[in-house]
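All remarks here apply to the structure that follows.
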Amino acid sequence: MVRIILAIVVIVLSGYSLIAQTLELMPYYMFFLGALILVIGLAELQKDRKVWGYMNIVISLFVFFASIQAFLVY
């Protein structure tokens, strides 16, 4: 359920940014994208797929770092 809500938030925010041709919402949808990837990684760890789980967690940390940098720029 959390995964679906986060996916919808990411799609709505990125779709609005695409249609409005603005980058003001980029830090927000990057943050939610990082949260979505983190949730997917934790679900993969619960399914005992350790390689994919850890890889998703590392990717989510990178996206969180990028979103923090985007918050500072915008």
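Everything quoted here is computed from the prediction, not taken from an experiment.
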Open item on the list: Show every side chain to side chain donor-acceptor pair (under 3.5 Å) that has at least one partner inside residues 35-44, sequence neighbours left out.
Closed with: E44-R49
Open item on the list: Working note: L42 + I57, criterion side chain to side chain contact (heavy atoms under 4.5 Å, CB included); need CA distance, chi angles, decisive distance, verdict.
Closed with: CA-CA 8 Å; L42 293 175; I57 290 172; 4.0 Å; yes
TODO: Find the distance between OG (S14) and CE (M26) and round it off to the nearest 0.5 Å.
DONE: 12.5 Å
Open item on the list: Return the CD1 to CZ distance between I11 and F32, rounded to the nearest 0.5 Å.
Closed with: 13.5 Å
TODO: Could you name each residue pair satisfying salt bridge (Lys or Arg N to Asp or Glu O under 4.0 Å) that touches residues 51-74, not counting sequence neighbours?
DONE: none
Open item on the list: Determine whether Y16 and Y29 satisfy the following criterion, side chain to side chain contact (heavy atoms under 4.5 Å, CB included), listing intermediate values before the conclusion.
Closed with: CA-CA 10 Å; Y16 176 77; Y29 67 77; over 6 Å; no
TODO: Over 60° means perpendicular and under 30° means parallel, so classify the ring planes of F64 and F31, tilted if in between.
DONE: tilted
Open item on the list: Quick check: closest heavy atoms across G34 and S60, and the distance to 0.1 Å?
Closed with: O-CB, 3.3 Å
Task: Considering all heavy atoms, the nearest L36-R3 contact - done: CD1-O, 3.5 Å
Task: Shared hydrophobic cluster, L33 / W52 (ILVMFWY, side-chain heavy atoms < 4.5 Å) - done: yes
Task: Linked hydrophobic residues, V12 as query - side chain contacts closer than 4.5 Å - done: I4, I8
Task: Single-linkage hydrophobic cluster, 4.5 Å side-chain cutoff, V51 and L38 together - done: no
- [ ] Only counting residues at least two apart or in another chain, list the ones meeting side-chain contact (heavy atoms from CB on, under 4.5 Å) with V2.
- [x] L6, V39
Task: Test salt bridge (Lys or Arg N to Asp or Glu O under 4.0 Å) applied to K47 - qualifying residues, sequence neighbours left out - done: none
Open item on the list: With a 4.5 Å cut-off on side-chain heavy-atom distances among I, L, V, M, F, W and Y, is there a chain of contacts connecting I40 to F65?
Closed with: no
Task: Closest heavy-atom pair and its distance - L25, S17 - done: CB-OG, 3.6 Å
- [ ] Output the distance between atom CE (M30) and atom CD1 (I68), rounded to the nearest 0.5 Å.
- [x] 10.0 Å
Open item on the list: Tell me every residue that passes side-chain contact (heavy atoms from CB on, under 4.5 Å) with F62, counting only those two or more places apart in sequence or in another chain.
Closed with: none
- [ ] Indicate the atoms forming the closest heavy-atom contact of I37 with N56, along with that distance.
- [x] CG2-O, 3.1 Å
